[in-house]
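Worksheet: the structure to be examined is printed underneath.
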Amino acid sequence: MKWRLFALQFATPLLAILFGVLIASIIVLAIGQNPLDVFGVLIRFGLLRSDSLLSILFKATPLIFAGLAVALSFRAALWNIGVEGQFYIGAFTAAYIGFTLKGLPIFIHLPLTILAAAAGGMAWALIPIVLKLRRGAHEVITTIMMNYIAAALILYLIADVFRDPSQVGTPRVRTPEFPPSARVPSMGPLLELFGLTGPDANKVNWLLPFGLVLCVVFAIVLSRTRFGYEVRAVAFSPLAAEAAGIPNARIQFLMFMLSGAVAGLVGLNDVLGFFGYLDIDFPKGLGFLGISVALLAKNNPLGVILAALLFGFLDRGAQGVQFFARTPKEVIVILQALIILAIVVAYELMTRYVRKQRKREAERPPPAATVAAEAGR
Amino acid sequence: METLVSLLTLALIASAIRVTMPILLAALGAVYSERGGVINIGLEGIMIMGTLFGAVGDYVFAQRFPGLVESVPDLAPAAGVLVAILAGVLFALIHAVVTVTFRVDQIISGVALNLLAVGAARFLNILFFEVSTQSPGVSGFTPLNIPILKDIPALEPIATSISPMIPAALLLVLISHWVLLRTRFGLRLRAVGEHPLAADTLGINVIRTRYAGVMISGAFAGMAGAYLAIEQAHLYFEGMTQGRGFIALAAMIFGNWWPLGALGASALFGYFDALSLRVVRLPVPSQFINVLPHIVSILVLAGFVRRAQPPAADGIPYSKEEE
């Protein structure tokens, strides 16, 4: 029974991915292309080239933070759809600390910058969670609205207040550049030792191992500590948790703040790890991809790593599909959404099946031998 | 004082009425879905499909039947609205299957639907128009003028060039209110949203009724999208819904889950939306005026304006067997 459940846990996401591929194949067929070509290119281009591997690592880095942020809130039965806005604000606060402080050594400046990003994300998450716990405002809609407000605020701050004076008169709208002490070092030299070189080698930076460590830490905290137990209790049955003396509101507040803090780090991969300034055209939509990553990972921090790598691969492969298979790369976006829809249905069915099995097992009369032993005792 | 006066001009009110419509239509849809007990966060995505298919229906009809359209120009936009409604219903059907049949969490399904809509809209746009983010221009309905009022110059902004979809939407508000209060279907829908088990024991088919609620919401959200593309912008472009589907949810909550309430709430959002569209001289940076409706919806949800009472079984999947 036990190993069957374990196998089921792995088979479910694979089946969902297969279902997504199947529907996407029908779509590809419908536009007169060969699905085998498209998926062949997807794998050949996305997986079997060393520059693609580096690109996947770079693309997966922010997705690890975004997926983890979403998963942390979902774990506490809270819907933080506002990771997008929280990461805008985090990217800005990091940029602000990055370009205003000067002359600090990197081991002071960089941590300060990263902390500023976390604080920015938390500040933006504070309003929805306070309104939820105090006023009962549903966090789904308030966080979505905060996303739009964050976008407006960032636009205002970059374009009207902190625009790099040396860029005025050019079409570039961005903040001043940060000194090297506020940048995350590249992993390029290290990767070169392993024979991984290419145009993207220098883009992969130390935020990737940082994100991995963060995932492992949260996986341990959530599964092995008292706090993790309290989070599970609150999510599973708020009433029972309350009766057991676990403070629902405080646990939910803490988890939402942690979610906001991690969300604040999403933009750093591009801002601190690559560009070195905050441009008005910084990559957007990562917060929403984080929702997909978390759903795919079933809110498991270790699963987030795998899901982020999968999405990084799909994103990279999409470029190949567009270029070599002459199929719009949006097919891959549809594939991602289909996988998510299939996965939530599959997980739901799996949970129901497991529950039914457990119930049946509980109802089954115990084997005669044990009954006799019990009676004889 | 000058700023105050400019906040209440007839032109502004006329524009407020126009931009209220998409929010109102989507909010009406949300009322049907949630009265049946299904939260529909996917409204935004359905609306995106509505904007795209509204433009596609309008454009393709005008290309295919140029003769017909020349004699009756309103046929093309009407086709657009119909196609958008159909697309909305089909897209909402996904939400119904996932949440009502498979009983997946309604928020998750809605979020996934919104993700799907963004990708699907781009992909389909490439198929129809060969670019990913925009459609060619499309024609709107022949505007209406109110017979006597249109000759009074002072009333010109609100009495002339009215989209026929505006009176239609207002009529739909009244019809919806009547449907939910007086008809057999409306009472059943509300019963299913308040207490599905009780409704089930009375012989009401809970699953089918909830499907109906969700699909009607899709029809309204599709129509809301069509209004945006056909009547407001005269084309489809990516991101044109700008979160109006979510604002509509806030409007429905503020309107206490009733069509007439949704009308009042949507008008409030419409007013702030219109403020952001018009050049009103205010001592605030324009970026913040743009998100006024979003800020107002947060305040509304926080209950700073009024406390609301959702249907009792809203958001809870229903299954016959006990688990």
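Letters A, B, ... are given to chains in the order of the sequence lines, protein chains preceding strands, and every chain is numbered from 1.
Interface residue A:V140: only side-chain heavy atoms are found under 4.5 Å from chain B. Of the atoms belonging to B:L115, heavy atoms from both backbone and side chain fall under 4.5 Å from chain A.
Between B:F123 and A:V331 there is a side-chain heavy-atom pair separated by less than 4.5 Å. Within the 4.5 Å cutoff, no side-chain heavy atoms of A:Y347 are placed close to those of B:V104. For the pair A:I334/B:R122, no side-chain contact is recorded, criterion being any heavy-atom separation below 4.5 Å from C-beta on. The shortest side-chain heavy-atom distance between A:I149 and B:I298 falls under the 4.5 Å cut-off. At least one side-chain heavy atom of B:I108 sits less than 4.5 Å from a side-chain heavy atom of A:L295. Looking only at side-chain heavy atoms (C-beta outward), B:S109 and A:V344 stay at 4.5 Å or farther from each other.
Contact count versus chain A (heavy atoms, under 4.5 Å) is highest, among B:D105, B:N114, B:V97, for B:D105. Counting heavy-atom pairs closer than 4.5 Å to chain A, the top residue among B:I107, B:L127, B:V98 is B:I107.
Closest approach of B:A112 to A:A337, counting heavy atoms only: O-CB, 4.5 Å. Considering every non-hydrogen atom in both A:E330 and B:G119, the closest pair reads CB-O, 4.0 Å. Between A:I141 and B:A250 the shortest heavy-atom distance is CD1-N, 4.3 Å.
To the nearest 0.5 Å, the span separating CZ on B:F246 from OG1 on A:T142 amounts to 12.0 Å. With values rounded to the nearest 0.5 angstrom, A:H138 atom NE2 is found 10.5 Å from B:L249 atom CG. A:K329 contributes atom NZ, which lies 7.5 Å from atom CD1 of B:I126 (distance to the nearest 0.5 angstrom). Rounded to the nearest 0.5 angstrom, B:I94 CD1 and A:L338 CG are separated by 8.0 Å.
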B:H294 vs A:I144, test: side-chain contact (heavy atoms from CB on, under 4.5 Å). Steps then yes/no.
CA-CA 9 Å; B:H294 306 83; A:I144 289 169; over 6 Å; no
Please determine whether side-chain contact (heavy atoms from CB on, under 4.5 Å) holds for the pair B:F288 and A:L153, giving the CA-CA distance in whole Å, both sets of side-chain angles, and the decisive distance to 0.1 Å.
CA-CA 7 Å; B:F288 296 111; A:L153 183 62; 3.5 Å; yes
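Looking at A:Y148, its side chain does come within 3.5 Å of a backbone N or O of B:G243 through a donor-acceptor pair. A donor-acceptor pair under 3.5 Å is formed between the side chain of A:R352 and the backbone N or O of B:F102.
Among residues 38-51 of chain B, the residues having any heavy atom closer than 4.5 Å to a heavy atom of chain A are, in sequence order, B:I41, B:E44.
At most 12 non-hydrogen atoms from other residues, nucleotides or ligands lie less than 6.0 angstrom from CZ of A:F19.
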